[in-house]
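Chain A is the first sequence line, chain B the second, and so forth, proteins listed ahead of strands; every chain is numbered from 1.
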There are 2 protein chains.
Amino acid sequence: MVADLERSILQRLDAVDLRYTTGRRAIVDGLRKANGPVTLPELLQLVPDLAQSSAYRNLALMEEAGVVRRLVHSNDHARYELAEALTEHHHHLICDSCGIVRDVQFDARLERTLDKAFDEAAASEGFTIARHVIDLFGTCADCAG
Amino acid sequence: MVADLERSILQRLDAVDLRYTTGRRAIVDGLRKANGPVTLPELLQLVPDLAQSSAYRNLALMEEAGVVRRLVHSNDHARYELAEALTEHHHHLICDSCGIVRDVQFDARLERTLDKAFDEAAASEGFTIARHVIDLFGTCADCAG
DNA sequence: TTGCTTGCAAATGATTTGCACTGCT
DNA sequence: AGCAGTGCAAATCATTTGCAAGCAA
């Protein structure tokens, strides 16, 4: 499975003439280790010996290459995760109290229902929907304690 | 109806010792006129004679007062709209091509279904959901042309 | 060699803030 | 008078970029 992931990433990078360097591998590994999207400072902790500018630059390049996704929830640090094409469609649970972000998946049946409903709602405004993003805000177990 | 809105805003501002000044009224009117959340430059166009810093400052203050909501979809300008408590629960259609954002509402039945499904999904991660945000990305009628 | 990469330091750009001034109350 | 509100200009801070050096094909 991991080999598949690596191959897929290599393919995407190749397609835009980017090398899969040690630094980029380290970033990908860092993103894989985390169980949710991470901020840049968090990523730098997971991947020591990585220059901040290189992290930013490579995340941007890999975002364009379809390997990484960038999320912006607030005004401070953005968060990064592996692109859905490489993982699985999922959504986010965001704790209002501590700001942590965790992944959640819905079952396929629900996703189908959602897509259908969203398409219909969007049609009335003349939009064609390509994808949806759902953020669930609330309180995490730690903060509820 | 508008009177209700004004009263409600006044109430919220009063609660945190803010005056409902001409400038703030102008901002609120600007937000009401728009049919979707607006960026700061857009707001300044809708409300001439408003200093940029005052716009930012008052939007921030009114956000804290629960009158305004700030949305961040990308790295550039954030977008502002009236808080849902003052309007109606809705979601956003976002055009990948031109970046425009339009409001959409789902019917109450769908919203109930969503809330229930989200609560269940979140429970498995120990989260308690307070609210959800749904962004539908795609192509608007103008860009599809 | 050729060209992609990297780290450092400097630049950028949205947003914020200090301060002196204006205007309610 | 007394204090909230405003505009201007300067400061912040995440992120981006220029550049010279490193490395792989």
Discussion item. Rounded to whole Å, how long is the line connecting atom CG of B/Asp17 with atom C1' of D/dG5?
Written reply: 14 Å
Item to complete: Please tell me which of the listed nucleotides, C/dT16, D/dG18, C/dC24, lies nearest to the side chain of A/Arg57?
Response: D/dG18
Worksheet item: Is A/Thr21 touching bases, backbone alone, or none of the nucleic acid, heavy atoms closer than 4.0 Å?
Response: sugar-phosphate
Fill in: Check ion pair A/Arg79-A/Glu42 (N to O, under 4.0 angstrom)
yes
Worksheet item: Rounded to the nearest Å, what distance is computed from the CG atom of residue A/Leu50 to the C1' atom of nucleotide C/dT5?
Response: 12 Å
Worksheet item: Are the aromatic ring centres of B/Phe137 and A/His132 under 6.0 angstrom apart?
Response: no
Worksheet, complete the sentence: Taking D/dT15, C/dT15, C/dT17 as options, the one with an atom nearest any side-chain atom of B/Asn75 is D/dT15
Worksheet item: When the distance from CG of B/Leu71 to P of C/dA14 is rounded to whole Å, what number comes out?
Response: 18 Å
Practice prompt. First locate atom CD of A/Glu64, then atom CG of A/Leu13, and finally report the distance between them rounded to the nearest 0.5 Å.
Written response: 12.0 Å
Discussion item. I'd like to know if A/Asp4 pairs up with A/Arg7 as an ion pair, taking the criterion as any Lys NZ or Arg NE/NH1/NH2 lying under 4.0 Å from an Asp or Glu carboxylate oxygen.
Written reply: yes
Discussion item. Both B/Arg19 and B/Ala78 contact DNA chain C. Taking the nearest nucleotide for each, which residue is further toward the 5' end?
Written reply: B/Ala78
Worksheet item: With the threshold set at 4.0 Å, does a side-chain nitrogen-carboxylate oxygen contact exist between A/Asp96 and B/Arg131?
Response: yes
Practice prompt. Name the nucleic acid region contacted by B/Arg24, choosing base, sugar-phosphate or nothing; use a 4.0 angstrom heavy-atom cut-off, strictly under.
Written response: sugar-phosphate
Practice prompt. Taking only the side-chain heavy atoms of A/Ser53 (C-beta and beyond), determine which of D/dG5, C/dG18, C/dC8 contains the nearest atom.
Written response: C/dC8
Discussion item. In this structure, how many angstroms lie between the C1' atom of D/dG5 and the CG atom of B/Leu13, rounded?
Written reply: 13 Å
Item to complete: Please determine, for the side chain of A/Asn58, which listed nucleotide (D/dT6, D/dT15, C/dT6) has the closest atom?
Response: C/dT6
Discussion item. Closest approach to the side chain of B/Tyr56, judged atom by atom: which nucleotide of D/dT15, C/dC8, C/dT16 is it?
Written reply: C/dT16
Worksheet item: Within this structure, what is the CG-to-P distance between B/Leu59 and D/dT6, rounded to whole angstrom?
Response: 11 Å
Discussion item. Between B/Thr22 and B/Arg79, which residue's closest nucleotide on DNA chain C lies nearer the 5′ terminus?
Written reply: B/Arg79
Worksheet item: Quick one: A/Leu40 CG to D/dT15 P, roughly how many Å, whole number?
Response: 7 Å
Worksheet item: For the pair made of CG in B/Leu18 and C1' in C/dC24, what is the distance, rounded to whole Å?
Response: 15 Å
Worksheet entry | Between P of D/dA14 and CG of B/Asp76, the distance in whole Å | 18 Å
